[in-house]
Amino acid sequence: MNRKWWHDKVAYQIYPKSFYDSNGDGIGDIPGIISKLDYLQDLGIDIIWLSPCYRSPLADEGYDISDYYNIDPRFGTMEDMECLIAEAKKRGMYILMDLVVNHCSDEHEWFRKACQDPDGKYGNFFYLRDKTQGRLPTNWRSYFGGPVWEDLPGTDKQYLHVFHKKQPDLNWENPQVREEVYKNINWWLDKGLGGFRIDAIINIKKALPMHDYAPDREDGLCSMDAMLREAHGIGEFLGEMRDRTFRKYDAFSVGEVFNEKPEEIADFIGENGYFSTMFDFNETVFGASEKGWYDAKPITPDDYKKCCFQSQARVGNTGFLSNIIENHDEPRGVSRYIPQEDCSLESKKMLAALNFMLRGLPFIYQGQELGMENAPFSSIDEIDDISTLHEYQTALQAGLTPKEALRAVLRYSRDNARTPMQWTNQKNAGFTTGTPWLKVNPNYTRINAADQLEDPDSVRSFYKRLIALRRHPDYKETIVYGALEPVWEDRHNLMAYYRKGDKTLLVIGNYQRTEQSVILPQAYKKVLLNNYPDISCEGSTVCLHGYQLLILEL
Ligand code: GLC
Ligand code: CA
């Protein structure tokens with residue numbers, strides 16, 4: 001495998017709206033990010049991915065862009081953005097922006113022009129169909145609920161939106177659209193960006209001609225998956241994009257890729273892949289139901305282990321996955337992957353290490369390094385996220401009471417991860433001096449960065465040690481490039497694996513509150529990391545405490 005500049009990096013995702021508010025309007029902003037760069041550098045972060053901060057009506061919190069060449073005034077100015085790139089560079093860090101080009105906003109100039117002249121140049125930037133009474137062009141259900149078709153204002157046509165109706169899909173079959181996208185990517189790369197995280201990219205290829213699929217709910221609509229299974233040829237677009245943009249800059253790109261077929265992995269992230277890497281979502285999609293969130297099956301420790309190992313085996317050394325515990329679309333990982341009554345310092349650290357030591361690129365989502373937990377929302381009125389609101393309606397329609405529906409959607413709500421970052425134990429967790437745009441998790445008095453920075457036993461201090469280990473000259477080669485081999489795979493509530501390179505490391509997590517023992521295959525030379533002060537051994541038998549995590553050098 002050819003070595004790439006980003007292979008040994010550690011990445012961090014910032015959700016700008018909730019990171020740090022510098023001017024008291026309750027909304028996080030770019031100057032706020034700049035003021036926290038030292039915090040990130042201290043943690044050991046190299047790459048920072050910013051969720052979108054382009055000009056946007058924020059219908060989907062910035063994933064609906066109305067101007068790809070400007071920063072939304074709520075987040076700051078272009079000068080702020082340039083300053084952020086420069087300040088990051090001074091610290092040896094790279095900034096990634098979010099590339100949202102499956103769709104734009106219905107407030108984008110292109111869409112306005114399409115409404116004015118649907119048969120003209122910009123009409124062909126979108127998927128438009130003639131409106132027929134009593135029938136939609138297709139029966140696809142949008143990811144955020146309801147049909148994917150909406151009337152094109154002022155015309156007798158309808159447009160396609162696979163996400164929200166304020167996110168019209170761009171027509172990638174049109175070379176003029178692709179040119180606009182490449183021009184924009186290069187424009188940003190010329191500003192000195194390290195690269196992009198690429199949003200919802202699997203959706204850019206539609207199975208044409210469009211047609212209906214078998215309905216999978218009583219609404220008569222079908223999940224987008226049905227269409228995506230039939231959509232072939234996305235590689236032509238992605239390869240062209242790579243050649244015309246990223247490759248020329250040796251830029252980093254990480255794809256939000258779902259539904260890839262096993263034989264496509266090398267095309268996506270192999271030596272000459274479309275992207276540098278892509279996220280592993282195997283754990284996050286586990287238990288999902290076609291019916292909606294209310295019907296999803298919770299994940300157990302054994303499922304979690306299986307999901308991780310499956311992904312590792314699938315990719316092998318074809319390329320690099322990007323491993324996550326959570327992101328802005330998911331609940332907090334510690335609330336999801338650890339039984340609630342067991343959510344403790346030890347279990348949080350165990351989860352952190354089990355994920356972080358997998359082969360691939362670790363991504364940390366803001367607040368994850370503090371062990372931030374799901375938010376105790378008490379009413380649907382406290383929810384901002386359009387996806388949660390839709391899932392709530394779905395649950396009600398399925399017959400759940402409002403109380404049950406709320407409980408069901410709160411387990412998966414994207415707003416769990418979007419509550420403001422908890423900086424201090426002061427008012428509003430030190431996030432803003434104004435009124436935060438989304439409720440602050442009241443546990444900030446207990447969980448916050450300021451306290452954790454002082455505390456050598458904090459979750460953050462543990463993350464810092466994990467990152468330092470990955471960078472350690474003696475272990476870096478093994479942790480970055482070494483093979484991953486599962487150990488004791490069938491043991492209940494135990495997740496363990498080797499990382500084998502020029503060294504042999506054994507990562508062991510006792511994924512339960514009660515003790516359990518393992519017999520080491522050989523004596524260890526050194527304990528590289530332990531979330532307890534002690535290790536209890538008798539000969540080659542190690543008796544693991546509840547949620548004990550060990551990284552041993554053999
Ligand atoms: C991606 C983003 C998500 C957004 C969607 C539509 O999945 O991560 O936040 O809602 O795409 O852009
Ligand atoms: Ca602000």
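Throughout, residue positions are numbered sequentially from 1 according to the sequence presented. Remember, it's 1-based here, ligands and their atoms both numbered in the order they're listed. When reading the values below, keep in mind they use all heavy atoms of this one structure, side chains included, and skip hydrogens, waters and symmetry mates.
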*Give the name of the N/O/S atom in D25 that lies closest to the Ca ion (ligand 2).*
OD1
_Parallel, tilted or perpendicular, judged at 30° and 60°: which one describes the rings of Y63 and H328?_
parallel
_Part of F144 within contact of ligand 1 (heavy atoms, under 4.0 Å)_ = side chain
_For the Ca ion (ligand 2): the N/O/S atom of D21 at shortest distance_ = OD1
*Between atom CD1 of I204 and atom CG of N171, what is the distance when rounded to the nearest 0.5 Å?*
11.0 Å
*asked:* Please work out, at 4.0 Å between heavy atoms, whether the side chain, the backbone, both, or neither of R197 comes within that distance of ligand 1.
replied: side chain
_Which segment of E61 sits under 4.0 Å of ligand 1 when only heavy atoms are counted_ = neither
*Test applied, side-chain contact (heavy atoms from CB on, under 4.5 Å); reference residue, Y274; option that passes from R242, E240, M241*: R242
*Give the residue, atom name and distance (to 0.1 Å) of the protein heavy atom nearest atom 10 (O) of ligand 1.*
D60 OD2, 2.5 Å
*Flag the pair N416 / E326 as yes when at least one side-chain heavy-atom distance between them is below 4.5 Å, and no otherwise.*
no
*asked:* Taking backbone and side chain together, does N23 place any N/O/S atom at a distance below 3.0 Å from the Ca ion (ligand 2)?
replied: yes
*Run the numbers for me: atoms of ligand 1, each under 4.0 Å from some heavy atom of H103, listed by number.*
6 (C), 12 (O)
_Name, closest N/O/S atom of D29 to the Ca ion (ligand 2)_ = OD2
*Hey, is CD on E236 packed in by over 12 heavy atoms from elsewhere, all under 6.0 Å?*
no
*Protein heavy-atom partner closest to atom 7 (O) of ligand 1 - residue, atom, separation in Å*: E256 OE2, 2.8 Å
_Aromatic ring pairing W149/W140, orientation class (parallel under 30°, perpendicular over 60°, tilted between)_ = tilted
*How far is atom 5 (C) of ligand 1 from its nearest protein heavy atom, and which residue and atom is that?*
F163 CE2, 3.7 Å
_For H328, the ligand 1 atoms whose distance to one of its heavy atoms is below 4.0 Å_ = 2 (C), 3 (C), 8 (O), 9 (O)
_When you measure from the heavy atoms of H164 to every atom of ligand 1, does any distance fall below 4.0 Å?_
no
*N/O/S from G24 sitting under 3.0 Å away from the Ca ion (ligand 2)*: no
*asked:* Out of all atoms in ligand 1, which are within 4.0 Å of some heavy atom of R414? Include the element for each.
replied: 3 (C), 4 (C), 9 (O), 10 (O)
_Can you give me the closest heavy-atom contact between I85 and I95, atom names plus distance?_
CA-CG1, 4.1 Å
*Cation over ring, R336 on F286, under 6.0 Å and within 45°?*
no
_Side chains of Q13 and N327: any donor to acceptor distance under 3.5 Å?_
no
*Centre of W187's six-membered ring, under 6.0 Å away, within 45 degrees of the axis: is that where NZ or CZ of K191 sits?*
yes
*How close does the nearest protein non-hydrogen atom get to atom 1 (C) of ligand 1, and which residue and atom is it?*
D199 OD1, 2.7 Å
*Please write down residue, atom name and distance for the protein heavy atom closest to atom 8 (O) of ligand 1.*
D329 OD2, 2.4 Å
*What is the ring orientation for F111 with F126, classed by angle as parallel under 30°, tilted 30 to 60°, or perpendicular over 60°?*
perpendicular
